[in-house]
Amino acid sequence: MPSVCPSLILFAARLSGLAVALLVLFWALAFKSTFLPSSLSQQDFIYAVLHPLLMVIGFILLSGEAILVHRWLPGSMGLKKSVHLVLQGVALASGIFGIWTKFQVEDGIVAKFYSLHSWMGLICISIFGTQWLLGFLNFWHRREARMARIKILPWHVFLGLYTYALAVATAETGLLEKLTFIQTKRNNVSNHSAESMVVNSLGLVLAMLSGFVILAAVSPRYGYHTLQSRILYSDTRCLSS
């Protein structure tokens, strides 16, 4: 893989993340009728708005930032791993709470699990939670053998990137599902309406963001091979001291 300027990748990822956050906030606040049909109460509106905010800003953006921790955070390897773990933990909590908000509407729980979006969401949060727990046990248990940790590392990286990509794909299906619903149920929303453009732009920028984050993760300078050597060196130094 050709060398890419690390600062440029980080800037592009941060800029895309900011655009995603602004777009989802603008969508939720400027088009309230999308999240508050006449049949829903004000409390239901809060739950409906919280779902995209928590899943996009809380889950996707924070988990992406956790992936980038080893690139931008100065300090020891232990500090970077601590921040990575905390950010992923907050992202996991946001994802769980975001799914929980869908259970609070009057239709009930079963009625919300009819779509590809809902199935992918459950699979994604399940893998993410398992990944976080295994990462905690394998990388933070002081008695874990160093060679076992190194063998697990490629799988940890693969599952992390796979889950992140799956989260973005799940968000894309959710945007498509929501946009299709409002265009078919509301006659005043056309394919070229302002809301349609906002939702389509959000989906496009999300795809760009995932590309920059994954590029940073697999870049030779910041890939898991560098992380693997640092873990080995750190453990060897601890054993020799």
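When Val20, Val24, Leu18 are each tested for a side-chain contact (heavy atoms from CB on, under 4.5 Å) with Leu61, only one passes: Val20.
By the side-chain hydrogen bond (donor to acceptor under 3.5 Å, both in side chains) test, Trp100 pairs with no residue at all, sequence neighbours left out. Residues passing the side-chain hydrogen bond (donor to acceptor under 3.5 Å, both in side chains) test with Thr173, sequence neighbours excluded: His117.
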Discussion item. Determine whether Arg14 and Trp72 satisfy the following criterion, side chain to side chain contact (heavy atoms under 4.5 Å, CB included), listing intermediate values before the conclusion.
Written reply: CA-CA 11 Å; Arg14 291 283 173 72; Trp72 61 264; 3.2 Å; yes
Discussion item. The test is side chain to side chain contact (heavy atoms under 4.5 Å, CB included); show your working for Leu161 and Val218 and say whether it passes.
Written reply: CA-CA 9 Å; Leu161 293 179; Val218 301; 3.9 Å; yes
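Contact check for Arg71 versus Ile9: side-chain heavy atoms found under the 4.5 Å cut-off. Using a 4.5 Å heavy-atom threshold, the side chains of Ile214 and Ile67 count as separate. At least one side-chain heavy atom of Asn200 sits under 4.5 Å from a side-chain heavy atom of Met197. In this structure the side chain of Leu54 never reaches within 4.5 angstrom of the side chain of Phe59, judged on heavy atoms. By the 4.5 Å heavy-atom criterion applied to side chains, Gln131 and Phe158 are not counted as neighbours. Between Met55 and Ser94, the closest side-chain pair of non-hydrogen atoms is not below 4.5 Å. A heavy-atom distance below 4.5 Å is not found between the side chains of Leu23 and Val199. Side-chain contact between Leu175 and Glu172 is present, with heavy atoms from C-beta onward closer than 4.5 Å.
Hydrophobic clustering keeps Leu176 apart from Leu116 (ILVMFWY residues linked when any side-chain heavy atoms are closer than 4.5 Å, directly or through intermediates). When the side chains of ILVMFWY residues are joined at heavy-atom separations under 4.5 Å, either directly or via intervening members, Tyr162 and Trp132 end up in two distinct hydrophobic clusters. Under the 4.5 Å side-chain contact rule for hydrophobic residues, Ile57 and Ile99 share a cluster. With hydrophobic clusters built from ILVMFWY side chains whose heavy atoms lie under 4.5 angstrom apart, Val56 does not share a cluster with Met120. Note: the hydrophobic cluster containing Val198 also contains Phe181 (ILVMFWY, side chain heavy atoms under 4.5 Å, direct or indirect links).
The shortest non-hydrogen separation linking Pro52 to Ala48 is CD-O, 2.9 Å. For Leu68 against Ala13, the heavy-atom pair with the smallest separation is CD1-CB, 3.9 Å.
Of the possible polar contacts, one joining the Ser63 side chain to the Ile60 backbone as a donor-acceptor pair under 3.5 Å is found.
Remark: aromatic rings of Phe128 and Tyr164 are distant, center separation not under 6.0 Å.
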